[in-house]
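Presented below is the structure to which this report refers.
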Amino acid sequence: MKRIILSAVVIAAVFTSCNSDKKETNSFSELTSAYFDEKNFLNPIEATFNGQEKYNDLLQLDMTDGFRAKQLDFYNKYEQAILKIDTTNLDTEEKISYEIIQWEVSVGKQLLSQPANLLPLQQFSGTHLAMAQLAGATSSQPFKTEKDYNNFLKRMETYGVWLDSAVVYMRKGISQNVVLPKALTEKMIPQFDEMVTQNVEDNIFYSAIKVIPSDFSDSAKKGYASKYKKVIEEQLVPRFKNMSAFLKNEYLPASKSTSGIGALPFGNQLYTAYARQWTTTEMTPDEIHNLGLKEVARITKEMEIVKAQVGFKGTIAEFFNHVRDKKELKPFTKPEEVIANFEAIHNKIKPNVDKLFSLTPKTPFEVRRTEAFREKTASAEYVPGAADGSRPGIFYVPIPDITNYTMYADEDLFLHEAIPGHHYQVSLQQENDKLPDFRKFNWFGAYGEGWALYTESLGKELGLYQDPYQYFGMLSSEMHRAIRLVVDTGMHSKGWTREQAITYSLENEAEPEASIIAEIERYMAIPGQALSYKIGQLKIMDLRQRAETQLGKKFDIKKFHAIVLESGNMPLALLEKKVNKWIASVK
């Protein structure tokens, strides 16, 4: 398929065939459509998760120099294209779209200026985990028609090449001293070992054959079983074995003992770019670090109040251990009980949601346990549903050890990952027909995670946090995000070790040690992502306080939430401009 060429033709048409009787907004609409098409072509896995099914057979070799050249061409093309648009003729949403494209192009080019492609794998997220998740036949890759089965077959064949390419670029990384920390490499080895099975029928990439539609002919069923088996046995399993051996014998010995990307030859420049990408601000790592320290101090004072409320006489650090070990906060004996508890929380808030929100999504919603193959290294997460309602939004909960599952923050976690957090924000954005497609499926961490963290503060208004331990859970979750500002910048900008970051977290929050270790290693794997939550939350809370102060009795919480949500994900500066305009209109 030549979608990238098609996009180029569309772009050319926009600027060579415009005439006086064709409105500028039509040209801009065509530009955003072409932008979305080409963006999906370059990011087909993300497109699949967003329900854009015409890319379901594609997999880009995203670490290669050739692919990065395509990315740069893409950014340069749209950098020039939007300059030819007369913004005076654009409506409000179109102007936001214009500025979003400007911002994405700028950050994309900044990220491409450093060779981060020499690090194509890490233990927390990425192609190898996404492919396994799609292969499980319960995620975003559809397996309903013969075309669906052919699509994933082609994607699996390309995946074998992707794995070979990853080894090539990781070897280049070794030669240039651009490698992962040892702790992360050690976590990846079992991920690939678990993809190797004695029986092909037990392999996760064979899952689709087990759910093959009954209306397929017998010959089609046998044909796909044979084709999938051949690719798994001859192309994938040998590559999984090869990757595991490479990681053990070559990459692990070369992996670095330092923890942050600041130790890489280009690390400081790359981390500055990541901080800009994830916060959508121009804040420096030092400014972010200092803000984190202030937030940790503020939230600690709030925690002291709860500690006194429950009658605990020891220090705050001792109270953390009390919460970690309290048997009453570990009541579950079966994973199903954890899922049932989240469903009970959902039922509890339902009567109050309409008091705070005038916009509610149509997309269905489910709570599921995280798949076994990635549960050990996963955090709780939300995976968006399909915009047409054919696939629900899913709140995934990892439960690797039910005996140590602590539920003191479950109410808070549900608000963040599910309702009214990610499920509301993502679903309303996808369902909004007034937005161009590229914005329906767009994501900025500071807005998306900032909104989800902001919604945690709505718990009492929604009927939750009646138990002081659950309220402490909310404070702990907010503390967790404040700590992220400190440890992420600490490791990647100030030379902190993994152990320093773990110790700092243990001293300032009540999360179990195993969970904290997994989190710190997550920050090591995706530098800057952890900064987005608190930066975004503080901005949204500041905007709400500004609106309440300036509008007084005219302030309407439903309308404020609608203003924040209605236009979907955007950089924080654009959100602030939008809210300020609303405040002025009401005044």
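If you're wondering where the values come from, they're calculated on a predicted model, not measured in any experiment.
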Can any side-chain N or O of K210 pair as donor or acceptor with the backbone N or O of E201 at less than 3.5 Å? yes

Would you check if the distance from the ring center of W443 to the ring center of H422 is below 6.0 Å? yes

Relative to the ring of F365, is the ring of F414 parallel (under 30°), tilted (30 to 60°) or perpendicular (over 60°)? perpendicular

Return yes if a side-chain donor-acceptor contact under 3.5 Å exists between N199 and T197, otherwise no. no

Between M243 and M195, is the side chain to side chain contact (heavy atoms under 4.5 Å, CB included) condition met? List the steps. CA-CA 11 Å; M243 179 63 79; M195 296 294 171; over 6 Å; no

Among residues at least two apart in sequence or on other chains, which ones pass side-chain hydrogen bond (donor to acceptor under 3.5 Å, both in side chains) with E513? none

What salt bridge (charged side-chain N to carboxylate O under 4.0 Å, His left out) pairs are there with at least one residue in residues 327-355, not counting sequence neighbours? K326-E328

Measuring centre to centre across the rings, with the benzene-like ring taken for any Trp, is Y504 within less than 6.0 Å of W496? yes

Are any non-hydrogen side-chain atoms of R369 and E375 less than 4.5 angstrom apart? yes

For V486 versus G292, what's the shortest heavy-atom pair and its separation? CG2-C, 3.5 Å

How many angstroms lie between atom NZ of K376 and atom NZ of K187, to the nearest 0.5 angstrom? 11.5 Å

Using the ring centroid of each side chain, check whether Y382 and Y396 are separated by less than 6.0 Å. no

Could you tell me the separation between the CG atom of L453 and the CD1 atom of I540, rounded to the nearest 0.5 Å? 8.5 Å

Does the side chain of L551 come within less than 4.5 Å of F560's, by heavy atoms? no

Just checking F312 against F319, ring centres under 6.0 Å apart? yes

If the threshold is 4.0 Å, N to carboxylate O, is there a salt bridge linking R391 and E366? no

Does the N50 side chain pair with the main chain of Q52, one donor and one acceptor, at a distance under 3.5 Å? no

Which pairs, with at least one residue in residues 560-571 and sequence neighbours excluded, count as a salt bridge (charged side-chain N to carboxylate O under 4.0 Å, His left out)? E566-K578

Could you tell me how the ring of F357 sits relative to the ring of W451: parallel (under 30°), tilted (30 to 60°) or perpendicular (over 60°)? perpendicular

Straight-line distance of H561 NE2 to L428 CG, nearest 0.5 Å: 12.5 Å

Are F395 and H423 near enough that their ring centres are under 6.0 Å apart? no

Determine whether a donor-acceptor pair (N or O, by modelled atom type, separation under 3.5 Å) exists between the side chain of T406 and the backbone of Y408. no

Can a donor-acceptor pair be found, under 3.5 Å and without considering hydrogens, that links the side chain of T549 to the backbone of R546? no

In Å and rounded to the nearest 0.5 Å, what is the CG to CG distance from L464 to D412? 9.5 Å

Minimum heavy-atom distance between F124 and S379, given as atom pair plus value: CE1-OG, 3.9 Å

Measure across L359 and Y424 and return the closest heavy-atom pair with its distance rounded to 0.1 Å. O-CE2, 3.8 Å

Side chains of E53 and T48: is there a donor and an acceptor less than 3.5 Å apart? no

Would you check if K558 and I563 make a side-chain contact, meaning some heavy-atom pair closer than 4.5 Å? no

If the threshold is 4.0 Å, N to carboxylate O, is there a salt bridge linking R544 and E548? yes

Which of these, E295, E456, E509, E511, sits in a salt bridge (Lys or Arg N to Asp or Glu O under 4.0 Å) with R481? E456

Tell me, with the steps shown, if S532 and Q529 meet side-chain hydrogen bond (donor to acceptor under 3.5 Å, both in side chains). CA-CA 6 Å; S532 56; Q529 190 270 346; 4.6 Å; no

Is the closest basic N to carboxylate O distance between R484 and E519 below 4.0 Å? yes

Closest non-hydrogen atom pair between G536 and L572, with its separation: CA-CD1, 4.0 Å

Between side-chain atoms of residues 137-144 and protein atoms elsewhere (two or more places apart, or another chain), which donor-acceptor pairs fall under 3.5 Å?
{"unit_1": "Q141", "atom_1": "OE1", "unit_2": "R155", "atom_2": "NH1", "d": "2.7"}
{"unit_1": "Q141", "atom_1": "NE2", "unit_2": "N56", "atom_2": "O", "d": "3.1"}

Side-chain (Q122) to main-chain (L119) donor-acceptor, under 3.5 angstrom: no

May I have the step-by-step check of side-chain hydrogen bond (donor to acceptor under 3.5 Å, both in side chains) for Q191 and H128, ending in yes or no? CA-CA 9 Å; Q191 290 178 337; H128 75 295; 3.0 Å; yes

Are the side chain of Q429 and the backbone N or O of N432 linked by a donor-acceptor pair below 3.5 Å? no

Can you tell me if E449 and Q537 form a side-chain donor-acceptor pair at under 3.5 Å? no

Can you name the closest pair of heavy atoms from F472 and V306 and give their distance? CB-CG1, 3.9 Å

So I520 and S505, side chain to side chain contact (heavy atoms under 4.5 Å, CB included) or not? Walk me through it. CA-CA 9 Å; I520 295 301; S505 298; 3.7 Å; yes

Classify the side-chain pair Y55/N151 by whether it contains a donor and acceptor separated by less than 3.5 Å. no

Treating E431 as the side-chain partner and T363 as the backbone partner, does any N or O pair qualify as donor plus acceptor under 3.5 Å? yes

Of all heavy-atom pairs between Y228 and A208, which one has the smallest distance, and what is that distance? CE2-CB, 4.2 Å

Is it the case that the side chain of S477 and the backbone of G473 share a donor-acceptor pair, with hydrogens and angles ignored and the cut-off at 3.5 Å? yes

Rounded distance (nearest 0.5 Å) linking atom CG of L356 with atom CD1 of I557: 6.5 Å

Set of residues satisfying side-chain hydrogen bond (donor to acceptor under 3.5 Å, both in side chains) with respect to K307, sequence neighbours excluded: E304

Donor-acceptor check, side chain of H492 to backbone of I261, threshold 3.5 angstrom: yes or no? yes

Check salt bridge (Lys or Arg N to Asp or Glu O under 4.0 Å) between D437 and all other residues, then give those that pass, not counting sequence neighbours. K440

R439 vs N442, side-chain hydrogen bond (donor to acceptor under 3.5 Å, both in side chains): CA-CA, chis, key distance, verdict: CA-CA 5 Å; R439 283 178 58 193; N442 219 353; over 6 Å; no

Would you give the length of the straight line joining atom OG1 of T489 to atom CG of L293, rounded to the nearest 0.5 angstrom? 7.5 Å

Whether the side chain of E302 engages the backbone of L475 through a donor-acceptor N/O pair (distance < 3.5 Å, no angle test) should be reported. no

For the pair K534 and E478, evaluate salt bridge (charged side-chain N to carboxylate O under 4.0 Å, His left out) and give the outcome as yes or no after the intermediate values. CA-CA 8 Å; K534 203 77 178 73; E478 189 178 15; 3.2 Å; yes

Under the criterion side-chain hydrogen bond (donor to acceptor under 3.5 Å, both in side chains), I'd like the reasoning laid out for Y274 against D488: C-alpha separation, chi angles, the key distance, then a yes or no. CA-CA 11 Å; Y274 282 143; D488 198 89; over 6 Å; no

